[in-house]
Each structure stands twice: as structure tokens, then as C-alpha cells.
Amino acid sequence: MRFIKEADLGRFELFDVSEDESETIDLAPSEPSRFESMKQKMIDLHAEIRREGPEYQLGSNRKKP
């Protein structure tokens with residue numbers, strides 16, 4: 001969808017949802033190396049999706065090249 005391809009990533013946080021289901025404790029300050037590694041992976045994946053993902057027109061079965 002177009003909004004996904006055009007969206008910019010915003011704020012990043014890191015949570016251990018197995019221990020903190022309500023996501024109340026951001027672990028980024030206490031685990032900066034892990035946070036930066038995961039953040040970069042998300043940025044890279046998002047760039048790949050923007051670059052390679054198809055763009056569908058809502059209400060249509062046709063993909064745009």
C-alpha cells in the first residue's frame with residue numbers, strides 16, 4: 001500500500017514483552033548495543049520494503065509496477 005511505502009519511521013523503543021506485556025519499561029537506555037542493532041535491522045527492512053514491495057491500488061486487483 002502506498003502509505004507503507006511512503007511512511008517514515010518514527011520513534012524507536014525496546015521492550016521485553018515476555019516480561020513486560022504492557023510495555024512500560026523501555027530497555028533502550030540500559031541495552032544500547034542491542035537497541036541500536038535491532039533499530040538498524042528495522043531501518044534496513046523498511047528500506048527494502050519501500051524499494052521492492054509492490055504498490056496496490058485500493059479497490060483494484062491490479063498492481064502498479
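Because the structure is predicted, anything quoted here is derived from the model rather than measured. Along the sequence shown, residues are numbered consecutively beginning with 1.
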Engineer: Can you sort out the partners of S18 under side-chain hydrogen bond (donor to acceptor under 3.5 Å, both in side chains), two or more places apart, ordered by chain and number?
Structural biologist: D16
Engineer: Mind jotting down which residue pairs meet the salt bridge (charged side-chain N to carboxylate O under 4.0 Å, His left out) criterion with at least one end in residues 18-34? Sequence neighbours excluded, please.
Structural biologist: E31-R34
Engineer: Any chance you could measure S30, atom OG, to L14, atom CG, to the nearest 0.5 Å?
Structural biologist: 7.5 Å
Engineer: Shared ILVMFWY cluster between I49 and M38, side chains joined below 4.5 angstrom?
Structural biologist: no
Engineer: Hey, does I43 have a side-chain heavy atom less than 4.5 Å from the side chain of L45?
Structural biologist: no
Engineer: Would you mind telling me which of H46, E52, R50 makes a side-chain contact (heavy atoms from CB on, under 4.5 Å) with E48?
Structural biologist: E52
Engineer: Membership question, hydrophobic clusters at under 4.5 Å side-chain separation (ILVMFWY): are L27 and F35 in the same one?
Structural biologist: yes
Engineer: What distance do Q40 atom CD and F12 atom CZ have between them, rounded to the nearest 0.5 Å?
Structural biologist: 8.5 Å
Engineer: With salt bridge (charged side-chain N to carboxylate O under 4.0 Å, His left out) as the rule and sequence neighbours excluded, what pairs involving residues 35-46 come up?
Structural biologist: none
Engineer: With the threshold set at 4.0 Å, does a side-chain nitrogen-carboxylate oxygen contact exist between E13 and R11?
Structural biologist: yes
